[in-house]
Amino acid sequence: MPDKSGAAGGPSRVLLLGGTSEIGLGILAALRLSPDTEVLLAGRDEQRMAAAGKELGVRARTLPFDATALDTHQALIDQAFAGGDVDLVISAAGILAGQEILDRDPLGAGMLVETNFTGHVSTLLAAAGRMRAQGHGTIVVLSSIAAIRPRKANFVYGAAKSGLDAFGRGLADSLHGTGVNVLLVRPGFVIGRMTAGMKPAPLSTTPAAVGAAVAARLRGTSPGGLLWVPATLAPLAAAFRLLPRPLWRRLPR
Ligand SMILES: NC(=O)c1ccc[n+]([C@@H]2O[C@H](COP(=O)([O-])OP(=O)(O)OC[C@H]3O[C@@H](n4cnc5c(N)ncnc54)[C@H](OP(=O)(O)O)[C@@H]3O)[C@@H](O)[C@H]2O)c1
């Protein structure tokens, strides 16, 4: 990573928002962090985060974090930065629910949006302020192919991801020239806990593959920008945008 870094060129302090996220932990595993790296795992399940921290073989600490508790986010970020500069923030909180369930549960749909969009805005603006002041760092935002065009079968999730994707792009522009990079990651269908029980979509990937692609970008000379995983999704997404709406409406999933 081309900013201030720890041993072996990696980050010294890392914050994972969504401390049990398979993709988030996949990124940390793929970075092969030095044992001296301090990893702050922020989330709801203290036990699972502690176990994940042990597995990473780093100095791990857990912080309580609820993505929907917006009024706690500034304090959480202050706590994370209280111990020193944070070189890498990964924003990985998210939930997925079928549209047929959300259609009958408007409150649940609103909470999904809070988790997948609003909570990222309040945490990442607070983190961006601290990173701008320290003059270095990278923020990884986990968007999705679902952000590209809302599908009938998944439109609340897609709307939240569209908001997050737009936020990530705007944040990148606002931080340009400050020494802080934003990497916007758009995975396709990732086979894992979030998608358990669902039939994998074409060009499916895994948390480990997303982790490897993100780690490779972070290790390079331009850690920011846009990253499709797999890369072959980019032309597919371009085609998605062009599909006439009557056809798009008929997509079964
Ligand atoms: N899986 C996919 O197919 C896919 C594809 C594209 C993008 N993404 C995005 O990638 C990100 C990570 O997904 P993943 O595959 O790693 O899923 P995951 O393993 O299910 O991780 C989701 C994380 O979000 C946390 N979370 C959920 N609600 C929360 C809340 N209210 N407060 C704090 N944390 C909360 C979960 O914590 P708990 O352990 O407490 O539940 C977990 O740490 C998400 O933003 C997801 O939308 C996923």
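As the structure lists them, so they are numbered: ligands from 1, and atoms in each ligand from 1. We number each residue from 1, following the sequence as shown.
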Nearest candidate to [atom], where distance is taken over non-hydrogen atoms, out of [options]:
atom                    : options                : result
atom 34 (N) of ligand 1 : Ala93, Ala147, Ser91   : Ala93
atom 6 (C) of ligand 1  : Pro187, Gly119, Ala52  : Pro187
atom 5 (C) of ligand 1  : Gly188, Pro200, Ser144 : Gly188
atom 27 (C) of ligand 1 : Gly94, Ala146, Pro207  : Gly94

Problem - Within 45° cone of Trp248 ring axis and under 6.0 Å: Arg149 NZ or CZ - result: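 Yes, a cation-pi geometry.
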
Practice task
Using a strict 4.0 Å threshold on nitrogen-to-oxygen distance, state whether Asp85 and Arg130 make a salt bridge.
Solution key: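 Result for this pair is no, no salt bridge flagged.
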
How far is [atom] from its nearest protein heavy atom, and which residue and atom name does that atom have?
atom                    : result
atom 7 (C) of ligand 1  : Ser143 O, 3.1 Å
atom 18 (P) of ligand 1 : Arg193 NH2, 3.7 Å
atom 32 (N) of ligand 1 : Ala67 N, 2.7 Å
atom 31 (N) of ligand 1 : Asp66 OD1, 3.1 Å
atom 9 (C) of ligand 1  : Lys161 NZ, 3.7 Å
atom 43 (O) of ligand 1 : Thr20 OG1, 2.7 Å
atom 29 (C) of ligand 1 : Arg44 CZ, 3.5 Å

Donor-acceptor contact below 3.5 Å, side chain [X] vs main chain [Y]:
X      : Y      : result
Arg186 : Ile145 : no
Asn154 : Tyr157 : no
Arg217 : Gly224 : yes

Problem - Step-by-step salt bridge (charged side-chain N to carboxylate O under 4.0 Å, His left out) determination, Arg169 to Asp165 - result: CA-CA 6 Å; Arg169 284 176 281 136; Asp165 197 278; 2.8 Å; yes

Exercise for the section: Show your reasoning for whether side-chain hydrogen bond (donor to acceptor under 3.5 Å, both in side chains) applies to Ser91 and His120. Expected result: CA-CA 7 Å; Ser91 200; His120 293 255; 2.7 Å; yes

Just let me know how [X] lines up against ligand 1, side chain, backbone, both or neither, with a heavy-atom cut-off below 4.0 Å.
X      : value
Tyr157 : side chain
Val190 : both
Glu22  : both
Ile95  : side chain
Ile23  : both

Proximal atoms of ligand 1 relative to [X] (non-hydrogen, under 4.0 Å):
X     : answer
Gly18 : 43 (O)
Arg48 : 39 (O)
Phe65 : 32 (N), 33 (C)

Exercise for the section: With rounding to the nearest 0.5 Å, note down the distance linking CG in Leu16 to CG in Leu28. Expected result: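 CG of Leu28 is found 5.5 Å from CG of Leu16.
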
Practice task
Could you pull out all residues at least two apart from Arg13 that satisfy salt bridge (Lys or Arg N to Asp or Glu O under 4.0 Å)?
Solution key: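 Partners of Arg13 under the salt bridge (Lys or Arg N to Asp or Glu O under 4.0 Å) test: Glu38.
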
Exercise for the section: Assess Ala92 for proximity to ligand 1: is some non-hydrogen atom of it under 4.0 Å away? Expected result: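 In this structure, Ala92 qualifies as a contact of ligand 1 - some heavy atom is under 4.0 Å.
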
Practice task
Using non-hydrogen atoms of the residue, decide whether Thr195 is closer than 4.0 angstrom to ligand 1.
Solution key: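 For ligand 1, residue contact (heavy atoms, under 4.0 Å) with Thr195 is present.
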
Any idea which heavy atoms bring [X] and [Y] closest together, and the distance?
X     : Y      : answer
Pro11 : Thr37  : O-CG2, 3.3 Å
Met49 : Thr20  : CG-CG2, 3.6 Å
Leu31 : Arg219 : CA-NH2, 4.0 Å

Handout entry: Same apolar cluster: Val39 and Val89, side chain cutoff 4.5 Å
Key =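 Shared cluster, no.
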
Handout entry: ligand 1 N/O within reach of Ser21 N/O, cut-off under 3.5 Å
Key =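 Yes; the residue has a nitrogen or oxygen that sits under 3.5 Å from a nitrogen or oxygen of the ligand.
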
